[in-house]
Amino acid sequence: MKTSFLRITGQQERDSVIIRAAADVICNGGLVAIPTETVYGLAGSAIIASSAEKIYSAKGRPSDNPLIVHIAFPEDAEKYAYTTPAYYRLAEKFMPGPLTIILPKKDIIPDTVTAGLQSVAIRCPSNPIAHELIRVSGHPIAAPSANRSGIPSPTCAEHVLEDMDGRIDMILDGGKCEIGLESTVIKLVGNDCVILRPGAITAEMLAEVADNVTISPAVIDPALADHINPESPGMKYKHYAPNASVILIDGNMEQFIKYIDDNAKDNFGVIVSDEDAEFFKKGTLLLTGKRGDASEASRRLFSILRYADDLKLEKVYVQLPPKSGPYLAYYNRIIRAAGCRIIHPDTTDSNKE
Ligand code: TXA
Ligand code: MG
């Protein structure tokens with residue numbers, strides 16, 4: 001299959017012709033990679049069962065891992081799911097935006113989209129290209145991240161091309177994603193809200209609207225994900241991992257520097273803030289932006305991991321981030337990228353890379 005690569009330039013007429021062409025692909029059961037504010041998505045109609053099958057096959061994704069259904073307006077959720085007052089309270093504050101809400105599904109959504117679950121994940125993206133495509137096509141859009149299964153999600157159209165060239169009909173290039181990590185996924189239990197996957201909408205932000213916000217234990221400790229399946233099937237799979245080994249160090253800056261001085265050899269990278277870069281004399285520095293800037297570090301993380309592979313680095317060292325607040329999403333991705341192994345430099349055993 002030939003994949004067309006089309007750039008959205010901001011020229012209204014040209015762009016609307018491109019969006020129309022992409023919408024035709026969706027309506028005819030084809031696949032288009034699209035920018036969203038979080039990461040690029042691999043879009044197909046959520047009401048054509050064969051589109052979902054094509055998505056699983058293009059990504060190499062296990063078919064028991066359900067897809068998110070993207071809508072143009074929050075109230076469109078009515079067509080596909082049973083909504084609740086809590087849904088609308090959250091939608092009013094956070095949609096369009098990087099929040100996905102799991103609701104009981106209606107029959108119009110095929111089982112292939114939800115991997116047989118009776119619930120459906122609903123998201124209303126704020127990216128104008130994603131919004132327009134959904135609106136113009138008139139279809140709800142199933143869209144997982146547009147990477148090959150298991151590796152870091154794409155945050156620019158070039159990353160999508162690396163993974164999907166020849167496997168899908170079209171890629172819309174809308175530049176770099178603003179947020180860089182996938183949406184926050186929540187499940188509602190009455191007015192209570194459980195975070196299944198952390199993202200840019202944090203627990204603290206949700207608590208301004210929802211009565212009781214909890215974080216699924218598998219967010220912090222991915223080893224638990226196997227046991228709590230099927231709460232969110234995606235949590236149990238290998239995720240976000242580059243070819244390079246990601247070595248996660250639980251220590252302060254002094255311990256991190258010493259660990260690298262003592263252990264790192266040859267072809268390695270260090271993920272570090274701009275200010276801390278000067279402490280590292282060896283290795284390739286992979287900069288996260290200003291120290292303490294969780295949004296910038298999140299925006300850059302997946303492209304840093306892909307860049308490490310472009311450079312053919314063997315190991316990438318990174319300090320364990322905080323497990324809370326705006327760093328929780330970054331923590332959740334990096335711990336999975338590291339295969340859930342954490343090195344504690346102050347203890348001696350079970351500490352091998
Ligand atoms: O930001 C995002 O959410 C991006 C963009 C493209 O919108 N999409 C995305 O999709 O990250 P994906 O498929 O890579 O991740 C969807 C996550 C998976 O962990 C999946 O298991 C979970 O949402 N999920 C989907 N439907 C679910 C359901 N009915 N119940 C529980 N978890 C569900
Ligand atoms: Mg994904």
Side-chain angles (χ1 to χ4, degrees), residues 31-44 46 52 55-56 58-71 80-82 94-106 109-127 129-131 133-134 140-155 159-160 163-164 172 174 177-188 194-201 216 218-219 222 225 228-241 298 302 329 332-333 336-337:
L31 303 186
V32 182
I34 57 167
T36 83
E37 67 278 22
T38 56
V39 300
Y40 272 73
L42 182 51
I55 290 175
Y56 288 111
K59 272 181 72 82
R61 177 175 176 124
S63 57
D64 67 346
N65 189 3
L67 308 174
I68 294 176
V69 173
H70 297 68
I71 56 178
Y80 314 114
Y82 295 94
F94 299 115
M95 288 184 184
L99 179 66
T100 297
I101 303 183
I102 312 237
L103 294 168
K105 93 173 186 74
K106 290 190 173 168
I109 300 293
D111 286 344
T112 42
V113 169
T114 61
L117 296 181
Q118 286 314 302
S119 57
V120 58
I122 297 284
R123 161 154 144 71
C124 178
S126 62
N127 178 289
I129 300 168
H131 172 83
L133 180 65
I134 305 167
I141 285 194
S145 48
N147 51 291
R148 298 288 287 274
S149 200
I151 68 172
S153 301
T155 51
H159 294 166
V160 179
D163 284 17
M164 292 295 161
L172 297 186
C177 298
E178 256 169 80
I179 293 174
L181 298 180
E182 303 86 346
S183 62
T184 305
V185 177
I186 62 169
K187 145 180 121 166
L188 294 175
V194 183
I195 298 180
L196 302 180
R197 181 178 71 183
I201 307 292
S216 166
V219 165
I228 59 173
N229 182 44
E231 192 166 48
S232 185
M235 292 200 293
K236 70 175 186 278
Y237 290 110
K238 175 175 170 245
H239 261 7
Y240 319 119
S298 299
F302 287 149
N332 172 265
R333 305 314 190 274
R336 283 171 163 77

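One-based numbering, in listed order, for ligands and for the atoms of each. Computed from heavy atoms alone, side chains included, the values below leave out hydrogens, waters and symmetry copies. This structure is a prediction, so every number in the text was calculated from the model and none was measured.
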At under 4.0 Å between heavy atoms, is it the side chain or the backbone of K105 that contacts ligand 1, or both, or neither? neither
Please state which part of E37 comes within less than 4.0 Å of ligand 1, counting heavy atoms only: side chain, backbone, both or neither. neither
Where on K187 is there a heavy atom closer than 4.0 Å to ligand 1, on the side chain, on the backbone, on both, or on neither? neither
Keeping the roles fixed (side chain from S298, backbone from L181), state whether a donor-acceptor pair exists under 3.5 Å. no
Measure from NZ or CZ of K106 to the centre of the six-membered ring of Y82 and say whether it is under 6.0 Å with the direction within 45° of the ring axis. yes
Can you name the nearest heavy-atom pair linking P154 to V39, along with the distance? O-CB, 3.5 Å
What I want to know is whether S145 and ligand 1 share at least one N or O pair that is separated by under 3.5 angstrom. yes
Considering all heavy atoms of both residues, which atom of I55 and which atom of G44 are nearest to each other, and what is their separation? CD1-N, 3.9 Å
Below 3.5 Å, N or O to N or O, backbone or side chain included: is there any such pair between T100 and ligand 1? no
Looking only at side-chain N and O atoms, does S153 offer a donor or acceptor that is under 3.5 Å from a partner on E182? yes
Do you see an N/O/S atom of N147, backbone or side chain, under 2.8 Å from the Mg ion (ligand 2)? no
Would you check the N or O atoms of S119, main chain and side chain alike, for any that come under 3.5 Å of an N or O of ligand 1? yes
Short version for P66: what comes under 4.0 Å of ligand 1, heavy atoms counted, is both
Quick check: does T36 get an N/O under 3.5 Å from an N/O on ligand 1? no
With sequence neighbours excluded, residues passing ring pair (Phe, Tyr, Trp, His ring centres under 6.0 Å) with F302: Y240
Side chain of Y56, backbone of N65: donor and acceptor closer than 3.5 Å? yes
Would K59 count as being in polar contact with ligand 1, using the rule that some N or O on each side must be under 3.5 angstrom apart? no
Heavy atom of I102 under 4.0 Å from ligand 1? yes
Could you tabulate the donor-acceptor pairs under 3.5 Å formed by side-chain atoms of residues 119-126, not counting sequence neighbours?
residue : atom : partner : partner atom : Å
R123    : NH1  : E37     : OE2          : 2.9
R123    : NH1  : G97     : O            : 3.1
R123    : NH2  : T36     : OG1          : 3.0
R123    : NH2  : T38     : OG1          : 3.1
S126    : OG   : E37     : OE2          : 3.4

Heavy-atom proximity to atom 10 (O) of ligand 1 ranks first, among P154, P98, P144, for P144
